[in-house]
Amino acid sequence: MTSSRPYLVRAFNEWILDNDCTPYIVVDAGIQGVQVPTDHVANGQIVLNISPGAVRGLVIGNGALEFSARFGGVPMQVFIPLQAVMAVYAKENGEGMVFGSEPGSPDPEGPGGKDVDKPGDSGQSGDRPTGRPTLKVVK
């Protein structure tokens with residue numbers, strides 16, 4: 001099946017706008033193909049306002065999200081592969097959705113990735129083996 005992420009990003013964007021709120025997205029700026037203003041990237045991420053008043057020509061396609069905007073008065077064409085969109089939410093109340101990884105998306109712990117805590121990981125070194133953490137099914 002195709003990724004559900006583009007459909008969900010479009011739906012949440014529309015829902016947020018319909019409720020008179022401001023849609024923001026959180027982007028993993030380290031994903032290949034991401035074109036965002038690097039001056040505004042912090043900790044490998046950037047938060048972008050994608051409301052109609054902030055961007056021009058917003059297109060949320062099945063593979064990427066793109067628009068033009070000004071950053072510090074400098075115009076820029078922004079291009080974001082949808083696998084790099086980590087969350088979409090309303091600025092005013094935080095309502096929205098955080099995305100997990102999908103089959104075929106880059107491994108967040110792969111080269112250049114992040115150390116992400118897994119469910120059940122207390123962060124204590126004795127709780128998990130050295131190397132790559134694993135998940136197990138709990139019934």
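When reading the values below, keep in mind they use all heavy atoms of this one structure, side chains included, and skip hydrogens, waters and symmetry mates. Since we're looking at a predicted model, the values are computed, not measured.
When hydrophobic clusters are built by joining Ile, Leu, Val, Met, Phe, Trp and Tyr residues whose side-chain heavy atoms come closer than 4.5 Å, directly or via intermediates, Met86 is grouped together with Tyr89. Tyr7 and Leu65 are not part of a single hydrophobic cluster, where members link through side-chain heavy atoms under 4.5 Å apart. Hydrophobic cluster membership differs between Phe79 and Val85, with clusters built from Ile, Leu, Val, Met, Phe, Trp and Tyr side chains linked at under 4.5 angstrom.
To the nearest 0.5 Å, atom CD1 of residue Ile31 and atom CD of residue Gln83 are 5.5 Å apart. Here the CG-SG distance, from Asn13 to Cys21, works out to 12.0 Å after rounding to the nearest 0.5 Å. The distance from the CD atom of Gln77 to the CZ atom of Arg56 is 12.5 Å, given to the nearest 0.5 Å. Between the CD atom in Gln35 and the CD atom in Glu66 there is a gap of 9.0 Å [rounded to 0.5 Å].
In terms of heavy-atom proximity, Ser3 sits nearest to Arg5 at OG-N, 3.1 Å. Counting all heavy atoms, side chain and backbone alike, Ala69 lies closest to Ala54 at CB-O, 3.8 Å. Closest approach of Val34 and Ala84 over heavy atoms only: CG2-CB, 3.6 Å. When every heavy atom of Pro23 is checked against every heavy atom of Leu17, the shortest pair comes out as CD-CD2, 3.6 Å.
Put simply, the side chain of Phe99 does not reach to within 4.5 Å of the side chain of Leu82, judged on heavy atoms. Inter-residue side-chain proximity for Leu58 and Pro52 is flagged as unmet; no heavy-atom pair is nearer than 4.5 Å. Taking 4.5 Å as the limit, some side-chain heavy atom of Ile80 sits within range of a side-chain heavy atom of Ile25. Between Asn62 and Arg10 the shortest side-chain heavy-atom distance falls below 4.5 Å. With contacts defined as side-chain heavy-atom distances shorter than 4.5 Å, the pair Val78/Val55 does not qualify.
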Residues Glu92, Thr22; criterion side-chain contact (heavy atoms from CB on, under 4.5 Å); working and verdict: CA-CA 7 Å; Glu92 292 77 5; Thr22 310; 2.7 Å; yes

From CA spacing to verdict: side-chain contact (heavy atoms from CB on, under 4.5 Å), Asn93, Asn19: CA-CA 11 Å; Asn93 59 18; Asn19 284 282; over 6 Å; no

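Under the ring-ring contact (aromatic ring centres under 6.0 Å, His included) criterion, Phe12 pairs with Trp15, not counting sequence neighbours.
By the 6.0 Å contact criterion, CD on Glu14 is open, its count of non-hydrogen atoms from other residues, nucleotides or ligands being 12 or less.
A donor-acceptor pair under 3.5 Å is absent between the side-chain atoms of Asn43 and the main chain of Gln45, judged by distance alone.
Among the candidates Leu48, Ile60, Val59, the single residue satisfying the side-chain contact (heavy atoms from CB on, under 4.5 Å) test with Phe67 is Leu48.
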